[in-house]
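Order of listing sets the numbers, starting from 1, for every ligand and every atom in it.
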Amino acid sequence: MRVVLIGAPGSGKGTQGVVLAEWLSVPYLSTGDLLRDQAADGTPLGRRVAPYLDQGELVPDDLIFDVVRDRLKALEARGGYVLDGFPRTVSQAEEADESMPGGLADVVVYLSLPDDVARERLRHREEGRTDDADEETIEHRLRVFHSETEPVVDYYRSRGILRSVDGDRPPEEVTAAVLAAIN
Ligand code: AP5
């Protein structure tokens, strides 16, 4: 099964994505993790994307496709995937849907969360991410989510493969709701 997780910063995409991939026995791919690893390793790609990550800006689409294109095809050959953080714009969704046979996803799960709850989670995250470091960057990420990524929710709703799950409850309850939504 091919699952895409969409949600605001802090909505639990990473938390749920790892668990869901285990349940489904498919690989998990987080574009945020992938880009942060590249930045931490100081690769050429990492040096290009680090300023976007630090400022809470989206990385340009052409760079994202350089990162995901071959990986998606490889993951599909393994029987499916759980994607966290991609697609994040309607143009990413359209291009991915055109380039993958049968489209990018069988089901898209939208983890909904009030902004105030997202802010609290990001402020208290223990890993110390640079994009959680100040209030303005957190606010900017939320604005980018509403302007760039929420339209992706509507895009997949109109295609009939969107499932909405309330992300504002304990992680185990969210997991149960996600599993119920995709079955
Ligand atoms: P990305 O890594 O995707 O970050 P994000 O969307 O800001 O989301 P987070 O990782 O902050 O939150 P999450 O929803 O995964 O929640 P989590 O489980 O971690 O992207 C980072 C950057 O990469 C972007 O800003 C952009 O620059 C770039 N990028 C990535 N993909 C891109 C793309 N396709 N195009 C362009 N640029 C791209 O949980 C958050 C916290 O809440 C944790 O502390 C967790 O323990 C806690 N928590 C989780 N669930 C619960 C719960 N149910 N109850 C209480 N606490 C909870």
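Atoms of ligand 1 found under 4.0 Å from any heavy atom of Thr31, numbered from 1 in the order shown, are 30 (C), 31 (N), 32 (C), 34 (N). Using a 4.0 Å cut-off to heavy atoms of Leu53, the atoms of ligand 1 that qualify are 22 (C), 23 (O), 27 (O), 28 (C). Those atoms of ligand 1 with a heavy atom of Arg141 less than 4.0 angstrom away are 5 (P), 7 (O), 11 (O). Which parts of ligand 1 touch Gly14 is read off a 4.0 Å heavy-atom cut-off, strictly below it: atoms 13 (P), 15 (O), 18 (O). Remark: ligand 1 atoms within the under-4.0 Å shell around heavy atoms of Leu122 are 11 (O). For ligand 1, the atoms sitting less than 4.0 Å from at least one non-hydrogen atom of Ala8 are 14 (O), numbered in the order shown with element in parentheses. Less than 4.0 angstrom separates some heavy atom of Gln92 from each of these atoms of ligand 1: 33 (C), 34 (N), 35 (N), 36 (C).
Looking at every heavy atom in both residues, Asp61 comes nearest to Ser91 through OD2-OG, 2.8 Å. The shortest non-hydrogen separation linking Gln16 to Pro171 is NE2-O, 3.1 Å. The shortest non-hydrogen separation linking Ala93 to Pro87 is N-CB, 3.5 Å.
At a 3.5 angstrom cut-off on N or O pairs, Gly12 counts as close to ligand 1. The N/O atoms of Val59, backbone and side chain alike, include one that comes under 3.5 Å of an N/O atom in ligand 1. Where the criterion is an N or O separation shorter than 3.5 Å, residue side chain and backbone included, Thr15 meets it with respect to ligand 1. Where the criterion is an N or O separation shorter than 3.5 Å, residue side chain and backbone included, Asp131 fails it with respect to ligand 1. Any N or O atom pair closer than 3.5 Å counts here, and Leu58 shares no such pair with ligand 1.
Among Ser30, Pro171, Gly85, Ala93, the residue whose heavy atom sits closest to atom 34 (N) of ligand 1 is Gly85. Of the listed options Glu57, His140, Glu126, Glu127, Glu57 places a heavy atom closest to atom 26 (C) of ligand 1. Looking at Arg121, Arg129, Glu120 and measuring to atom 10 (O) of ligand 1, the nearest heavy atom belongs to Arg129. For atom 19 (O) of ligand 1, the nearest non-hydrogen atom from the set His124, Lys13, Arg125, Glu173 belongs to Arg125.
Distance from atom 12 (O) of ligand 1 to its nearest protein heavy atom, with residue and atom name: Gly10 N, 2.9 Å. When hydrogens are left out, the protein atom nearest atom 20 (O) of ligand 1 is Arg88 NH2, 3.4 Å; that is the closest non-hydrogen contact.
Taking a 4.0 Å cut-off on heavy atoms, Arg169 registers as neighbouring ligand 1. Residue contacts with ligand 1 do not include Pro87, since none of its heavy atoms lies under 4.0 Å from the ligand. Ligand 1 is approached by Arg36 to a heavy-atom distance shorter than 4.0 Å.
The closest side-chain heavy-atom distance from Leu162 to Val153 is below 4.5 Å. Annotation: side chain of Arg121 is not in contact with side chain of Arg125 (no heavy-atom distance under 4.5 Å). With a 4.5 Å cut-off on side-chain heavy atoms, Val19 and Val178 do not count as touching.
Using a 4.0 Å cut-off between charged side-chain N and carboxylate O, Glu120 and Arg123 make a salt bridge. Residues Arg119 and Asp116 are paired through a salt bridge, judged by an N-O separation under 4.0 Å between the basic side chain and the carboxylate.
Residues Thr89 and Glu148 have side chains that never bring a donor and an acceptor to within less than 3.5 angstrom of each other.
For the side chain to side chain contact (heavy atoms under 4.5 Å, CB included) with Phe86, the qualifying choice from Val4, Val152, Leu5, Leu104 is Leu104, the only one to do so.
Formation of a donor-acceptor pair under 3.5 Å by the Arg2 side chain with backbone atoms of Tyr81 is not found in this model. Using a distance-only test at 3.5 Å, with no hydrogens or angles considered, a donor-acceptor pair links the side chain of Asp134 to the main chain of Glu136.
Only side-chain heavy atoms of Leu35 come within less than 4.0 Å of ligand 1; its backbone N, CA, C and O stay farther off. At a heavy-atom cutoff of 4.0 Å, ligand 1 is contacted by the side chain of Ile64 but not by its backbone.
Environment of CZ in Phe65: crowded, with over 12 heavy atoms of neighbouring residues, nucleotides or ligands closer than 6.0 Å.
At least one cation-pi condition fails for Arg141 and Phe145: the charged atom is not both under 6.0 angstrom from the six-membered ring centre and inside a 45 degree cone around its axis.
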